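All chains are named by letter (A, B, ...) in the order of the sequence lines, taking the proteins before the strands, and each is independently numbered beginning at 1. Every value quoted in this text rests on a predicted model; they were computed, and no experiment measured them.
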Protein chains: 2
Amino acid sequence: MKKFSKKTINRAFLYIRTLEQLINNKHNLVSSGQLAKLTGLTSTQIRKDISNFGKVGTPGIGYNTEELNEKLELFILQKQVVHIAVFGIGNLGAAILKYPNFQKTKLNIVAGFDNDPKKVGKKFNSIPIHPIVNAPGVIKKTHTDIGIIAVPQKFAQEVADIMVLSGLKGILNFSPTTINVPNDVFVKDIDFTISILSLFCRINLT
Amino acid sequence: MKKFSKKTINRAFLYIRTLEQLINNKHNLVSSGQLAKLTGLTSTQIRKDISNFGKVGTPGIGYNTEELNEKLELFILQKQVVHIAVFGIGNLGAAILKYPNFQKTKLNIVAGFDNDPKKVGKKFNSIPIHPIVNAPGVIKKTHTDIGIIAVPQKFAQEVADIMVLSGLKGILNFSPTTINVPNDVFVKDIDFTISILSLFCRINLT
DNA sequence: TAGATTGTTAATCGATTAACAATC
DNA sequence: TAGATTGTTAATCGATTAACAATC
């Protein structure tokens with residue numbers, strides 16, 4: 001399978017997201033120029049990205065939205081469903097369990113984990129909460145693909161270790177700390193504090 | 001003021017975050033090699049980044065953690081406090097209002113906005129919730145720097161317009177849609193769906 | 001002195017952009 | 001045919017990395 005850069009993959013999903021909106025609004029044609037406006041990118045970059053996935057447009061006309069969407073999804077998702085587990089059912093973890101946009105997509109939260117006896121055994125948005133110690137078994141049984149770290153900073157590494165032990169290869173880390181994992185495990189860090197500070201910094205340097 | 005790339009700024013905050021942990025643990029010296037291990041970057045890149053901010057290390061020895069931390073903070077933050085307003089007090093918005101890590105830092109949420117009469121007038125974590133129509137006044141009075149979009153997708157552009165009208169120059173956008181704003185307004189998009197799909201895609205392309 | 005580590009230059013690598021022939 | 005737009009090549013730009021003299 002051809003390798004795409006992280007940036008190309010991210011943009012591909014941005015195109016898919018935009019195309020879905022266009023399809024919902026009954027637009028069946030779109031040009032790279034229009035996509036550029038809708039995504040905030042340049043038309044050249046969009047054409048370049050799309051050409052990675054094959055020839056799908058018509059010169060002088062543009063792209064068929066449904067066709068382009070299918071082509072992109074086929075290449076980078078292969079129509080699979082992604083199974084997700086959330087570690088730490090605090091404010092953020094609970095918000096993720098209830099996040100409405102996952103239900104529209106191929107993303108499926110299959111389990112939550114927490115050590116608080118008040119939460120274990122309950123269901124949040126019909127997702128069962130297990131004790132963290134049960135993670136390896138539950139993850140294997142549910143074929144979980146991606147784990148989300150929503151525990152406090154000081155437990156982040158511990159939870160990451162359990163994830164790795166359970167065989168997860170993808171971790172979305174919301175804790176404000178770097179976690180150490182083997183090379184074959186991919187981590188995406190989302191640190192709200194850094195996101196905001198970085199934004200603020202860019203405003204002030206202008 | 002010298003311009004730094006978005007990537008450099010983000011890494012600078014990662015260094016600050018790491019240095020703070022080291023300082024808390026009473027480490028007063030650190031080498032670029034050790035920082036590399038702690039951040040997952042390379043030592044060369046770290047030295048290169050740090051050199052943007054001036055000479056602060058000692059050859060053969062390393063960096064004084066407190067001194068380096070101060071230098072970085074001085075350059076990119078100038079010791080300012082950042083005032084934040086959250087639009088949309090649903091599951092995610094409420095979780096952000098309660099996010100514990102902001103309280104440790106210079107980030108200060110000053111207001112929430114929602115149109116639900118059950119929420120307006122209440123306080124979440126001692127932060128008052130206002131009706132969205134009051135945003136321009138509240139934002140000016142509280143000197144808000146950054147607005148966070150946590151409303152459903154279909155209201156995102158509308159809320160972004162109000163933010164721009166209110167004079168905000170930085171927007172953290174959690175809604176899964178591209179918002180259109182003037183050139184002098186910076187937007188950071190965090191789309192949970194794209195983050196997870198992109199991670200999953202990278203696993204599968206390996 | 002020997003070993004360690006910084007700061008910096010030059011080389012490499014990868015990503016974006018400009019330009020345009022081909023096509024509808 | 002004239003106008004619009006794709007797909008692609010070559011040029012540019014920027015970011016990362018390798019290498020090493022200077023320094024402690």
Is the F87(A) to F174(A) ring centre distance short of 6.0 Å?
-> no
note: R47(B), atom CZ; dA4(C), atom C1'; distance rounded to Å ~ 11 Å
Protein-nucleotide distance (I46(B), atom CD1; dT17(D), atom C1'), rounded to Å | 13 Å
Starting at CG of N52(A) and ending at C1' of dT16(C), how long is that distance when rounded to a whole Å?
-> 13 Å
If we only count heavy atoms from C-beta on, is the I129(B) to L97(B) side-chain gap below 4.5 Å?
-> yes
Side chains of H83(A) and T142(A) in contact at under 4.5 Å (non-hydrogen atoms) = no
If pairing means Watson-Crick or G-U wobble with both distances under 3.5 Å, then the partner of dA15(C) is dT12(D)
Could you check if a side-chain atom of I96(A) sits within less than 4.5 angstrom of a side-chain atom of N91(B), using non-hydrogen atoms only?
-> no
So, with a heavy-atom separation below 4.0 Å from DNA chain D, the residues of residues 24-44 of chain A are S31(A), S32(A)
Does K55(A) put a side-chain nitrogen or oxygen below 4.0 Å from OP1 or OP2 of dT8(D)?
-> yes
Give the rounded distance in Å between these two atoms: CD of E67(B) and P of dT6(C).
-> 13 Å
Using a heavy-atom cut-off of under 4.0 Å over every strand shown, decide if K7(B) touches base, sugar-phosphate, or nothing.
-> sugar-phosphate
Heavy atoms, side chains only, cut-off 4.5 Å: are T193(B) and F102(A) in contact?
-> yes
Can you check the K6(A) NZ to dG14(C) C1' distance for me, whole Å?
-> 14 Å
Is any side-chain heavy atom of N52(A) closer than 4.5 Å to a side-chain heavy atom of T8(A)?
-> yes
Calculate the interatomic distance between F53(A) atom CZ and dT6(D) atom C1'; express it in whole Å.
-> 17 Å
Whole-Å distance, Q45(B) CD to dA19(D) P, equals 17 Å
Please write out the pairs of protein N or O atoms and N or O atoms of nucleotides 22-24 of chain C separated by less than 3.5 Å, giving the distance to one decimal.
| unit_1 | atom_1 | unit_2 | atom_2 | d |
| --- | --- | --- | --- | --- |
| dC24(C) | O4' | P59(A) | O | 3.2 |

I would like to know whether E73(B) and K106(B) meet salt bridge (Lys or Arg N to Asp or Glu O under 4.0 Å); could you show each step before the answer?
-> CA-CA 11 Å; E73(B) 287 213 335; K106(B) 296 178 212 289; 3.5 Å; yes
If we only count heavy atoms from C-beta on, is the P176(B) to R17(A) side-chain gap below 4.5 Å?
-> yes
Across the strands shown, which category fits S5(B) at heavy-atom distances under 4.0 angstrom: base, sugar-phosphate, nothing?
-> sugar-phosphate
K48(B) NZ to dA18(D) C1', in whole Å, measures 11 Å
Less than 6.0 Å separating the ring centroids of F4(A) and F53(A)?
-> yes
Residue I50(A), side-chain atoms from C-beta onward, closest of dA15(D), dG7(D), dG7(C) | dG7(D)
Which one is paired to dT6(D), where only Watson-Crick or G-U wobble pairs with both distances under 3.5 angstrom count?
-> dA21(C)
